[in-house]
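On a predicted model such as this, the values are computed, not experimentally measured, just so you know.
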Amino acid sequence: MSKDDALQAIEELFGNRASRTQVRRVVYGHDMGTLPDVVKKFVNTMPDMIVQPETEEELCQLVAFAAKENIPLVPRGSASSGYGGAVPASGGVVVDLYRMRGLTKIDEQAMTATAKAASVIEDLDAALRARGFMMPVMPTSAPAATIGGLVCQGGAGIGSCSQKTMRDSLVAVTAVLGDGSVRTFEGADLDLVYAMEGITGIVTSVTWRILSAVEMQYVAFGFAGAEAAEGFARAAVAAGAWHVNMQPPSYVALKNRATGTALPE
């Protein structure tokens with residue numbers, strides 16, 4: 001089957017949830033960052049098509065067909081990382097998981113939650129707090145980043161002083177593998193999918209440990225030097241602080257200029 005025939009077959013499968021229009025291809029050829037010119041010479045970030053599956057079954061069909069026709073697939077959540085991980089390297093189809101979102105289960109006994117891959121982390125935290133729970137780790141990109149993206153790229157964030165990385169809270173990850181089959185990773189096998197940038201498969205569902213919601217208290221301190229700040233940070237972590245953020249004077253000065261605030265520098 002020719003490439004054009006293969007793309008047409010995908011269009012027939014997804015209907016108006018598949019697009020080859022120029023403007024959409026340009027938009028999906030970028031993320032929040034800009035690739036260096038030296039990198040652009042060796043990659044083709046312009047997708048041939050964008051599709052938006054709604055179910056895991058549709059995704060299985062797409063992956064199996066793409067494998068048969070040798071069409072590259074690039075999974076995309078919110079593309080908030082800015083490192084080129086959600087854009088093509090050699091054309092192909094961008095699989096926009098936007099329609100696969102939502103909190104699907106809270107197990108209050110096991111203290112776990114399950115959500116679809118494209119669920120925005122800030123939205124998940126809000127939904128959990130409405131039930132008396134909260135996320136263990138919140139990346140600073142939480143207003144846009146997805147739970148699937150956090151798993152695929154790996155990472156820490158606000159809360160990592162006590163909860164470490166997202167890997168430490170993971171219970172299970174379900175993904176569609178390269179042949180169109182579905183596998184759920186648990187235990188030590190989570191290392192086969194966590195921080196693997198979507199290479200293992202396209203993540204569809206994530207289960208992780210949650211915490212009981214608490215009212216946060218925010219306190220700021222200033223220090224005469226880095227040594228004192230380091231000592232305080234170590235003591236705060238030892239005392240059980242959920243998060244510690246250290247900001248050097250130059251950063252605080254830039255923040256004051258940018259936002260019009262008057263934090264002590």
Side-chain angles (χ1 to χ4, degrees), residues 1-56 58-102 116-123 139-155 175-176 178 180 195-204:
M1 184 181 295
S2 70
K3 178 180 176 180
D4 190 67
D5 287 342
L7 293 176
Q8 186 172 342
I10 294 174
E11 282 183 319
E12 293 172 359
L13 175 64
F14 286 91
N16 62 6
R17 290 180 287 119
S19 175
R20 280 196 271 178
T21 61
Q22 179 73 8
V23 65
R24 289 189 178 179
R25 292 171 58 218
V26 169
V27 169
Y28 281 84
H30 297 269
D31 57 17
M32 291 186 69
T34 301
L35 292 177
D37 290 339
V38 67
V39 175
K40 290 181 180 179
K41 295 178 181 179
F42 300 98
V43 297
N44 173 21
T45 63
M46 179 71 78
D48 298 302
M49 175 183 286
I50 300 93
V51 299
Q52 290 186 333
E54 290 182 329
T55 66
E56 190 173 78
E58 281 187 339
L59 194 53
C60 289
Q61 286 181 276
L62 172 64
V63 172
F65 180 78
K68 177 183 176 183
E69 299 299 329
N70 198 30
I71 298 174
L73 298 179
V74 181
R76 183 181 176 108
S78 65
S80 63
S81 64
Y83 298 112
V87 298
S90 56
V93 175
V94 170
V95 185
D96 180 5
L97 299 171
Y98 175 82
R99 296 171 185 264
M100 299 179 67
R101 56 172 58 192
K116 296 179 182 179
S119 304
V120 175
I121 296 171
E122 187 175 72
D123 294 342
T140 53
S141 56
T146 64
I147 190 71
L150 183 58
V151 168
C152 289
Q153 186 163 326
V176 176
M196 292 299 287
E197 302 289 354
I199 294 172
T200 312
I202 300 179
V203 173
T204 59

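- Put simply, the side chain of Ser2 gets close to the backbone of Asp5: a donor and an acceptor are under 3.5 Å apart.
- In terms of the side chain to side chain contact (heavy atoms under 4.5 Å, CB included) criterion, residue partners of Met49 (sequence neighbours excluded) are, by chain and number, Leu7, Ile10, Glu11, Ala18, Arg20, Val51, Val93.
- Across Gln153 and Ser81, no two heavy atoms sit closer than the pair OE1-CB, 2.9 Å.
- Listed by chain and residue number, nothing satisfies the side chain to side chain donor-acceptor pair (under 3.5 Å) test with Asn16 (two or more places apart in sequence, or in another chain).
- Interatomic distance, NZ of Lys116 versus CD1 of Ile147, reported as 15.0 Å (0.5 Å rounding).
- What you find for Met46 and Pro88 is that their closest heavy atoms are C-CG, 4.5 Å.
- Residue-environment remark: CG (Asn70) stays at or below the threshold of 12 foreign heavy atoms within 6.0 Å.
- Rounding to the nearest 0.5 Å places CG of Leu73 at 5.0 Å from CG of Leu62.
- Side-chain contact check for Cys152 versus Val203: some heavy-atom pair is nearer than 4.5 Å.
- Summarising the geometry, atom CZ belonging to Arg76 is positioned 8.5 Å from atom CD1 belonging to Ile50; distances are rounded to the nearest 0.5 Å.
- Here Glu69 pairs with Met1, Ala6, Phe65, Ile71 under the side chain to side chain contact (heavy atoms under 4.5 Å, CB included) rule; sequence neighbours left out.
- Here the closest non-hydrogen pair linking Ala175 and Gly201 is CB-C, 4.2 Å.
- Taking the side chain to side chain donor-acceptor pair (under 3.5 Å) definition, one finds that Ser119 meets it with nothing, sequence neighbours left out.
- Looking at Thr45, its side chain never comes within 3.5 Å of a backbone N or O of Val87 through a donor-acceptor pair.
- Scored by the side chain to side chain contact (heavy atoms under 4.5 Å, CB included) test, Arg17 finds Phe14, Gln52, Glu54, Glu58, Arg99 as partners (sequence neighbours excluded).
- A salt bridge (Lys or Arg N to Asp or Glu O under 4.0 Å) check over residues 22-51, counting only residues at least two apart or in different chains, returns the pairs Lys3-Asp48.
- Shortest non-hydrogen contact noted between Thr21 and Ser19 is OG1-OG, 3.0 Å.
- Counting only heavy atoms from C-beta outward, the side chains of Pro53 and Leu97 approach each other to under 4.5 Å.
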